[in-house]
Each structure stands twice: as structure tokens, then as C-alpha cells.
Protein chains: 2
Amino acid sequence: MPVGFNADEMQKVDEVVEKRRRIKQGERLFSSGDAFTSLYAIRTGFFKTCVASEDGREQVTGFQMAGEIIGMDGIVADHHNCNAVALEDAEVCVMPFASVEELSRELPVLQRHVHKIMSREIVRENSVMMLLGNMRAEERLAAFLLNLVQRLHARGLSQSELVLRMTREEIGSYLGLKLETVSRTFSKFSDDGIIEVKQRYVKIIDADALKKIFNSQIAY
Amino acid sequence: MPVGFNADEMQKVDEVVEKRRRIKQGERLFSSGDAFTSLYAIRTGFFKTCVASEDGREQVTGFQMAGEIIGMDGIVADHHNCNAVALEDAEVCVMPFASVEELSRELPVLQRHVHKIMSREIVRENSVMMLLGNMRAEERLAAFLLNLVQRLHARGLSQSELVLRMTREEIGSYLGLKLETVSRTFSKFSDDGIIEVKQRYVKIIDADALKKIFNSQIAY
DNA sequence: TTGTTTTTTTGACATGCATCAAGGAATTTT
DNA sequence: AAAATTCCTTGATGCATGTCAAAAAAACAA
């Protein structure tokens with residue numbers, strides 16, 4: 001929740017939260033085609049969102065963690081456009097969108113906050129487009145890891161160690177790579193002494209090297 | 001502008017438009033880093049939006065035409081995150097975002113409209129991610145052409161003929177392909193009798209074939 | 001018109017990642 | 001604990017697209 005609320009406003013914002021909902025690992029918070037009613041604030045847990053093409057190919061469009069808002073894809077057509085799957089047991093706050101809109105009309109700070117959240121998602125997707133359109137496998141994985149630790153660190157976790165909540169295949173889907181390529185790239189980073197990997201556990205040894213790869217200052 | 005306004009509301013919405021601005025072909029409506037003040041409704045002309053990475057690679061993130069709104073990328077950080085370049089002489093309505101927000105608080109229909117526009121952009125970018133992450137060159141170009149004619153047709157133009165406002169390189173940047181690949185794929189579609197191409201002019205001969213390629217019902 | 005620049009097309013060749021395959025490690029189920 | 005399943009790693013090979021190059025066509029400028 002944003003800063004800039006006084007106590008009274010804060011209470012009103014709290015009242016928008018209709019209830020909480022628990023989602024078990026592997027279950028869906030919502031599916032493509034579901035009627036859109038609410039946005040969801042992730043309290044705990046980790047989600048992926050993904051879209052599927054007609055012939056069954058799946059594209060992971062994002063990974064979301066505690067404190068992030070999902071469901072905005074549903075506003076435009078009153079039904080959801082992607083699936084939101086819990087990658088670990090999770091709990092979300094259900095925020096009926098009609099209430100969010102109503103209160104937004106009363107509280108300009110909330111209104112602005114909602115707009116920023118949606119704008120942030122647009123900007124994030126822009127940078128994923130850059131990643132998918134222009135970067136090579138190593139750059140993509142470096143960008144992915146740096147983004148992940150940065151977000152985890154903002155939540156008080158380590159800057160250098162993380163436990164992936166998703167499979168190589170899901171990482172690959174997000175990055176536009178096959179799972180074998182993801183695995184090989186992890187191994188290469190490990191061989192180069194940039195990271196330590198043991199399955200889902202990753203430790204970043206040389207963050208600068210990762211950043212250089214990301215900015216593709218390739219040293220031939 | 002959306003339906004659902006009465007005359008009085010319509011007038012208020014009109015008043016949000018501060019002024020109009022003309023942008024010559026090749027000039028920028030806004031640049032990455034510019035202070036964010038306004039959204040822009042395209043009245044006439046055609047734009048591309050693009051982001052650049054530190055090492056200078058450019059990714060076209062979208063092509064926008066009359067009736068579409070650009071600038072929402074700027075909300076989150078109060079400065080723009082991409083460049084908006086006119087691909088032909090254009091005219092836009094400048095809508096100061098503070099006024100949009102103010103009036104949105106008064107008019108729920110406008111509020112909902114603003115939310116839908118942002119949600120639509122999120123959903124569009126999701127499908128671009130699918131395109132960049134999962135599709136092959138022919139599928140990408142087919143999707144691109146179908147999307148373009150569909151939008152042009154919605155504006156009263158032909159369902160089957162169009163004049164591209166962008167170069168092969170810009171198409172390639174949007175689709176995550178090199179310009180040579182775009183050119184070759186155009187030639188292949190032409191050889192297969194699916195389209196006619198003469199430089200920027202494209203005529204769709206067999207829309208069903210394009211749709212099949214897009215859905216990748218490949219007939220080996 | 002003529003010259004210059006930009007854009008497009010096409011060919012030859014290179015390469016990064018995908019595909020196919022197999023085995024090993026970890027996790028879940030029985 | 002054993003069996004089954006899922007996930008991960010690694011090797012061999014292939015292919016779609018990138019790269020390099022050159023020329024043609026179109027657009028623009030002088």
C-alpha cells in the first residue's frame with residue numbers, strides 16, 4: 001500500500017479488502033476467461049501469470065511476489081485474459097474492483113496509486129519486450145536473476161541468495177528460451193564463477209559480472 | 001472517446017483537451033526521460049513507441065494510429081519511459097493527466113474508460129510477449145498484418161489493402177526479427193499467393209491462409 | 001534532371017538456440 | 001522404503017534466423 005494516507009483514509013482503503021483467499025501451490029487464483037471482479041494483492045506466496053495460444057503454447061508473462069497486484073488484465077474486457085497460478089502456497093487480499101474505483105473517486109492518492117500500478121505493469125512489459133526481442137540467452141537470464149534478487153531484496157531478503165520458485169521450463173517460457181537452454185546458461189554462469197547453482201537454490205557470486213552481461217558489454 | 005456520456009459529460013471531457021499539437025514525420029511527441037504531464041489522443045497520423053537499451057539497441061514496443069491513446073508509460077515514474085515518434089505527419093490532443101484524473105473522479109464512466117485503456121495496453125503487451133517468445137517468423141508477420149488490417153478496418157479502411165507506415169527494420173524491431181528476415185517473409189507470402197507486396201503497399205489475397213499461419217496449423 | 005541517401009531485396013554463409021536423446025537427481029506417491 | 005513421477009543436466013545434431021554483402025528500387029535533395 002502506498003504512503004500518503006492519513007489514518008482515516010487508511011481505514012477506508014482497508015475496507016476495500018473484501019476478504020482474503022488462500023491458494024494452494026499449483027492452483028489458480030483466476031483463469032483466462034473468468035469473469036473479472038477483483039484485483040488481488042499478494043500477501044504471501046509467489047505466482048506466475050501466463051497466456052496460452054490456440055494451439056496450446058504457453059507464454060509466462062510474469063512472476064509476482066508479495067506486495068504486488070495482479071488481475072489488471074481483466075479490466076478491459078470484464079474477463080481475465082491470463083491464468084494466475086500459485087507457485088507456492090499463497091494468500092491474497094481480494095479487492096473488488098468496483099470498490100477500488102469507488103474509493104478512488106474519493107481519495108486522489110488512491111486513484112493515483114492505482115494508475116501507477118497499471119503504468120508500472122506497462123513499463124515492465126516494455127522491458128520484457130526488449131528482452132525477448134533483442135537479447136541473447138545469457139543476457140536474458142542475467143536480467144531475470146538481477147530483477148528477481150532486486151525485488152527480493154526490497155522485501156528484506158538477501159541480495160545474493162535466492163530460491164527459485166519456478167521450474168527451468170517456466171523460466172524458459174518467460175524468457176523465450178527452452179528449458180535446456182536455461183539449464184545450460186545456469187551451468188555456464190556457474191562454470192564462469194558468476195553464480196552457484198544447486199537446483200532451485202542460486203547464489204550470486206559476482207553481481208557486477210551479471211550486470212555486465214545484462215548490459216552486454218561483452219569482453220571478447 | 002467512449003460511448004455512455006451524455007451531452008453535459010461530453011462537454012466536460014472535451015474541456016480536458018488542453019490543446020492540439022502537430023508532429024511532423026520523424027519528430028517525437030515525447031522522449032524517454034521527458035517529464036510526464038499528459039496523455040495524448042492521436043487524431044491523425046501514425047506513431048511508433050520504442051525503448052532503447054543502454055548499449056543502444058532499440059525495441060519498437062508498438063505502433064499506434066488515430067483514436068489510440070499514448071503516454072501511459074509515464075505515469076508510474078512521472079517521466080516517460082519510451083520515445084513516441086511520428087511515422088507520418090500527425091496531430092494529437094493533449095490531455096493533461098491531472099485534469100483527466102480530476103474529471104475521472106467526477107465521472108465514473110470516464111474513470112472506467114481510463115482503466116480500460118490501460119488494461120488494454122497490458123493485454124496487448126501480453127500478446128506481444130507470446131509472439132516474441134513462442135512464434136516463428138512467419139507467424140509473427142502474419143499476426144502483425146492481421147492485427148494491422150483489423151485496426152485499419154475498424155477505422156473504415158480496407159480489410160485487405162494497406163500501406164505500411166514503417167520500414168522493414170521497424171517491423172523487424174517490433175517482431176524481434178532482422179529486417180532481412182521481414183523482407184524474406186514478405187517475399188515468401190507473396191510467392192505463396194497469400195499477399196501482394198510492392199514496397200510499403202500490401203494487399204492481402206488469402207486472409208484465411210494468414211490466419212492459419214498465425215494459429216500455426218502448419219500443413220506439412 | 002542528376003546525384004545522394006535510404007530502403008528493400010536477394011544470395012551465401014554462419015551461428016545461437018532448438019531438438020532429440022539419455023541418464024541422474026530430487027520430489028512425491030504408494 | 002520402494003516406486004513413480006517430475007525436474008534437471010548434458011551431449012550430439014539440425015535448423016531458423018542472423019550476418020555479411022551487393023545490387024536494385026525508391027525517396028529525397030540539389
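Naming: A, B, ... by sequence-line order, numbering from 1 per chain.
No contact: Lys188(B) has no heavy atom under 4.0 Å from any strand. Nucleic acid contact class of Gly172(A) (heavy atoms, under 4.0 Å, all strands): none. Within the nucleic acid shown, Ser183(B) comes within 4.0 Å of at least one base atom, counting heavy atoms only. If you check every strand for non-hydrogen atoms under 4.0 Å, Leu179(A) touches a base.
Close to dT6(D), at under 4.0 Å from its OP1 or OP2, lies no side-chain N or O of Thr167(A). Checking the phosphate oxygens (OP1, OP2) of dC7(D), no side-chain nitrogen or oxygen of Arg200(A) falls inside 4.0 Å.
If you measure from atom CZ of Phe186(A) to atom P of dT10(D), you get 13 Å, rounded to the nearest angstrom. Straight-line distance from the CG atom of Leu132(B) to the P atom of dA16(D): 19 Å, rounded to whole Å. The CE-C1' distance, from Met166(A) to dC8(D), rounds to 15 Å in whole Å. The separation between Arg165(A) atom CZ and dC7(D) atom P is 15 Å, rounded to whole Å. Look at OH on Tyr201(A): it is 20 Å from C1' on dC7(D), rounded to the nearest Å. Taking atom CD on Glu138(B) and atom P on dA16(D), their separation rounds to 10 Å, with Å as the unit. Atom CZ in Arg168(B) sits about 12 Å away from atom P in dA27(D), given to the nearest Å. Rounded to an integer number of Å, the gap from CZ of Arg140(B) to C1' of dG18(D) is 12 Å.
Looking only at atom types and distance, the side chain of Ser190(A) has no donor-acceptor partner in the side chain of Glu196(A) under 3.5 Å away. Remark: the Arg28(A) side chain and the Ser31(A) side chain contain an N/O donor-acceptor pair separated by less than 3.5 Å. At a cut-off of 3.5 Å, with distance as the only test, no side-chain donor of Asn134(B) or Arg57(A) sits close to an acceptor on the other residue.
Distance alone, capped at 3.5 Å, is enough to place a donor-acceptor pair between the Thr185(B) side chain and the Thr181(B) backbone.
For Lys178(B), taking side-chain heavy atoms from C-beta onward, the closest of the listed nucleotides dT19(D), dT10(D), dC8(D) is dT19(D). Comparing dA26(D), dA12(D), dT19(D) by their nearest atom to the side chain of Lys198(B) picks out dA26(D).
Residue side chain Glu169(A) does not reach the base of dC8(D) through any donor-acceptor N/O pair under 3.5 Å, judged by distance alone. For Arg184(B) against dG18(D), a side-chain-to-base donor-acceptor contact under 3.5 Å is absent.
Each of Gln199(A) and Gly176(A) was matched to the nucleotide of DNA chain C holding its nearest heavy atom; the match closer to the 5' end belongs to Gly176(A). Between Gln25(B) and Leu177(B), it is Leu177(B) whose nearest contact on DNA chain D lies nearer the 5' terminus.
Once you apply a 4.0 Å limit to the heavy atoms of chain A, the touched nucleotides of DNA chain C run 5' to 3' over dC17(C) to dA26(C).
Using a 4.0 Å cut-off between charged nitrogen and carboxylate oxygen, Glu68(B) and Arg155(B) count as a salt-bridge pair. The existence of a salt bridge linking Lys178(B) and Glu169(B) is excluded, since no basic side-chain nitrogen approaches an acidic carboxylate oxygen closer than 4.0 Å. One finds no salt bridge joining Asp208(A) and Lys212(A) here, because no Lys/Arg side-chain nitrogen approaches an Asp/Glu carboxylate oxygen to under 4.0 Å.
Here the side chains of Val51(B) and Glu58(B) are not in contact, with every heavy-atom distance at 4.5 Å or above.
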